[in-house]
Amino acid sequence: MFKNKKNFATCVNRISLIVDTVVSLAVLGYMRKLYPDCYNTLSIAKKCSQSIPLFVQHPFIDKIHVNEFLENPKQEEYNFLKSHDIWASPTINHKISDWQNYYSIYEENFEMLGIDSKKLPKENLDVNLVKWFDIKQRENKTVALFPFAGYAKDNKRSCSINWWIEFIKRLIKEDYIVIHLGHFDEPSFYYLSSEIARSNKYFNFTSEEFFNQIKTALSCSVSLNSDSGTGLIMGAYSFPQVTLLTNWNLGHNRNFLSLQPNNKNNISIFREDSCDNIEYDQVVEAIKLLV
């Protein structure tokens, strides 16, 4: 039972990734509906602290706490969690390995906390971020491109470099401007294709700070994402986006859109076995529908 005061409710759910922090906003919203007077703490791993500006002025968040579970876990961190009325272990794991066959990424967040997601109203799965900052809109037909997932180290989740080179050339021929965003280790297509370099329509912003990249993406006409945290972030802003998906996870043989953003302005394109099986023309047509 809650005490008769404004209480704490914390959601700490696989805090090692920005994507998990963003998806956990649905749980904070659920707690606020259950207990309107609760005081919500969002705990963020130190390695993901660059994401903090995303959560400023969020109606479900009363306090942001930066923890060191991954870098240097101490008893003080556990004591902090236990000082709340409701809390979850930061090391919580999936109950089943093939969860993507049964749940969306938003539903799975509840399932990991022992909450039956199938009994929740659909609106409880909504995740929204607040655009508290000003955005200067770029010219029309500008694509914010987040081409790679997993910091460009997980080839299974994204299209190959060669696929992207050919697709970017296709966009340029359609008179689109391409803004390349993502991890600083990602290859720059400027140096991989002389045709792209000569076009003056490709710009690489991967060296920019994370939050500045998100603001840059929001200034574009549409966002093009793979299965990545940035895709879910753009979805949480209800931004027009195209998401490219494949069944990269071992044993994923149904419920193929489980990793797509919960965004009414999103068009997902899925192909089995590899994102390279996605047709260029289908992606271009999806972008045209959104711009």
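Each residue takes its place number in the sequence, starting with 1. Model, not experiment: these values are computed from the prediction.
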Carboxylate-amine/guanidinium proximity below 4.0 Å for Glu107 and Lys118 | yes
Between Ser226 (side chain) and Ser228 (backbone), is there a donor-acceptor pair under 3.5 Å?
-> no
In one Ile/Leu/Val/Met/Phe/Trp/Tyr side-chain cluster, 4.5 Å: Phe148, Ile18 = no
Is it true that a side-chain atom of Gln137 and a backbone atom of Cys220 form a donor plus acceptor pair closer than 3.5 Å?
-> yes
Note: Ser219 and Ile135 closest approach over all heavy atoms is CA-CG2, 3.5 Å
For the pair Leu25 and His58, evaluate side chain to side chain contact (heavy atoms under 4.5 Å, CB included) and give the outcome as yes or no after the intermediate values.
-> CA-CA 9 Å; Leu25 293 176; His58 197 282; 3.9 Å; yes
What is the distance from atom CZ of Phe203 to atom CZ of Phe205, rounded to the nearest 0.5 Å?
-> 7.0 Å
When rounded to the nearest 0.5 Å, the distance separating CG of Asn247 from CD of Gln100 is 9.5 Å
Start with the C-alpha distance between Leu42 and Ser24, add both sets of side-chain angles, then the distance that settles side chain to side chain contact (heavy atoms under 4.5 Å, CB included), and finish with yes or no.
-> CA-CA 9 Å; Leu42 180 70; Ser24 71; 3.7 Å; yes
Any donor and acceptor pair, going by atom type alone, linking the side chain of Gln213 with main-chain N or O of Glu208 inside 3.5 Å?
-> yes
Check: Trp164 and Leu192 side chains under 4.5 Å, non-hydrogen atoms | no
Which atoms form the tightest heavy-atom contact between Ile165 and Ser193, and what is the distance?
-> CG2-CB, 4.0 Å
CG of Asn67 to CD1 of Ile44, rounded to nearest 0.5 Å, is 8.5 Å
Determine yes or no for a side-chain-to-main-chain donor-acceptor pair under 3.5 angstrom, with Asn263 supplying the side chain and Tyr237 the backbone.
-> no
So does Lys33 have more than 12 non-hydrogen atoms from other groups sitting under 6.0 Å from NZ?
-> yes
Glu139, CD: over 12 other non-hydrogen atoms inside 6.0 angstrom | no
List the atom of Ser97, the atom of Asn249, and the distance in Å for their closest heavy-atom pair.
-> O-ND2, 3.8 Å
Pairwise side-chain contact, Phe55 with Thr21, heavy-atom cut-off 4.5 Å (strictly under) = yes
Check whether any side-chain heavy atom of Ser104 lies under 4.5 Å from a side-chain heavy atom of Asn262, and answer yes or no.
-> no
For Ile96 and Tyr102, work out which heavy atoms get closest and say how close.
-> CD1-CD1, 3.7 Å
Would you kindly say whether His65 and Ser43 are connected by a side-chain donor-acceptor distance under 3.5 Å?
-> yes
In this structure, SG of Cys48 is separated from NZ of Lys46 (nearest 0.5 Å) by 12.5 Å
Common cluster, Leu218/Leu224, ILVMFWY with side-chain heavy-atom separation under 4.5 Å = no
Check the side chains of Asn225 and Gln241 for a donor-acceptor pair under 3.5 angstrom, ignoring hydrogens and angles.
-> yes
Do Phe239 and Val291 belong together in a cluster built from hydrophobic side chains that touch within less than 4.5 Å?
-> no
What pairs meet the salt bridge (charged side-chain N to carboxylate O under 4.0 Å, His left out) rule with one or both residues in residues 214-233, with sequence neighbours excluded?
-> Arg157-Asp227
Can you list, pair by pair, the side-chain donor-acceptor contacts under 3.5 Å of residues 167-184, counting residues two or more places apart and other chains?
{"unit_1": "Lys169", "atom_1": "NZ", "unit_2": "Glu166", "atom_2": "OE2", "d": "3.1"}
{"unit_1": "Arg170", "atom_1": "NH1", "unit_2": "Asp281", "atom_2": "OD1", "d": "2.6"}
{"unit_1": "Glu174", "atom_1": "OE1", "unit_2": "Lys288", "atom_2": "NZ", "d": "3.4"}
{"unit_1": "Asp175", "atom_1": "OD1", "unit_2": "Lys201", "atom_2": "NZ", "d": "3.1"}
{"unit_1": "His180", "atom_1": "ND1", "unit_2": "Tyr202", "atom_2": "OH", "d": "2.6"}
{"unit_1": "His180", "atom_1": "ND1", "unit_2": "Asn204", "atom_2": "ND2", "d": "3.3"}
{"unit_1": "His180", "atom_1": "NE2", "unit_2": "Glu186", "atom_2": "OE1", "d": "2.8"}
{"unit_1": "His183", "atom_1": "ND1", "unit_2": "Asp185", "atom_2": "N", "d": "3.1"}

Side chain Ser221, main chain Asn140, donor-acceptor under 3.5 Å = no
Are Ile61 and Asn40 close enough that some pair of their side-chain heavy atoms sits under 4.5 Å apart?
-> no
Taking the six-membered ring for Trp and the single ring otherwise, decide whether the centroids of Tyr103 and Phe110 are under 6.0 Å apart.
-> no
What's the shortest heavy-atom distance between Pro187 and Ile161, and which atoms?
-> CG-CD1, 3.7 Å
May I ask you to say whether Asp62 pairs ionically with Arg32, meaning some side-chain N is under 4.0 Å from a carboxylate O?
-> yes
Note: Met31 and Ile86 closest approach over all heavy atoms is CE-CD1, 3.3 Å
Could you give the distance from CG (Leu120) to OH (Tyr106), rounded to the nearest 0.5 Å?
-> 15.0 Å
Scan the side chains in residues 265-272 for donor-acceptor partners under 3.5 Å anywhere in the protein, sequence neighbours excluded, and list what turns up.
{"unit_1": "Asn265", "atom_1": "ND2", "unit_2": "Ser238", "atom_2": "O", "d": "2.7"}
{"unit_1": "Asn266", "atom_1": "OD1", "unit_2": "Thr243", "atom_2": "OG1", "d": "2.7"}
{"unit_1": "Asn266", "atom_1": "ND2", "unit_2": "Ser268", "atom_2": "OG", "d": "2.8"}
{"unit_1": "Ser268", "atom_1": "OG", "unit_2": "Gln260", "atom_2": "OE1", "d": "2.7"}
{"unit_1": "Arg271", "atom_1": "NE", "unit_2": "Glu279", "atom_2": "OE1", "d": "3.4"}
{"unit_1": "Arg271", "atom_1": "NH2", "unit_2": "Glu279", "atom_2": "OE1", "d": "2.9"}
{"unit_1": "Arg271", "atom_1": "NH2", "unit_2": "Gln282", "atom_2": "OE1", "d": "2.7"}

In terms of hydrophobic clusters joined by side-chain contacts under 4.5 Å, are Val19 and Ile64 together?
-> yes
Mind checking whether Phe133 and Phe211 have parallel, tilted or perpendicular rings, split at 30° and 60°?
-> perpendicular
Answer yes or no: is there a side-chain heavy-atom contact under 4.5 Å between Ile52 and Leu54?
-> no
Side-chain donor or acceptor of Thr142 paired with backbone N/O of Arg138 under 3.5 Å = no
Answer with yes or no whether the hydrophobic clustering places Leu245 together with Val283; edges join I, L, V, M, F, W, Y residues whose side-chain heavy atoms lie under 4.5 Å apart.
-> no
Report yes if the side chains of Met112 and Asn93 come closer than 4.5 Å at any heavy-atom pair, otherwise no.
-> no
Going through the distances and angles, do Trp248 and Leu259 end up as a side chain to side chain contact (heavy atoms under 4.5 Å, CB included)?
-> CA-CA 11 Å; Trp248 58 270; Leu259 299 176; 3.5 Å; yes
Run the numbers on Thr41 and His84 for side chain to side chain contact (heavy atoms under 4.5 Å, CB included), then give the verdict.
-> CA-CA 9 Å; Thr41 299; His84 296 70; 3.2 Å; yes
Just wondering, do Glu68 and Glu77 contact through their side chains at under 4.5 Å, heavy atoms?
-> yes
Pairwise distance CD1(Ile278) to CH2(Trp163) - rounded to 0.5 angstrom | 6.0 Å
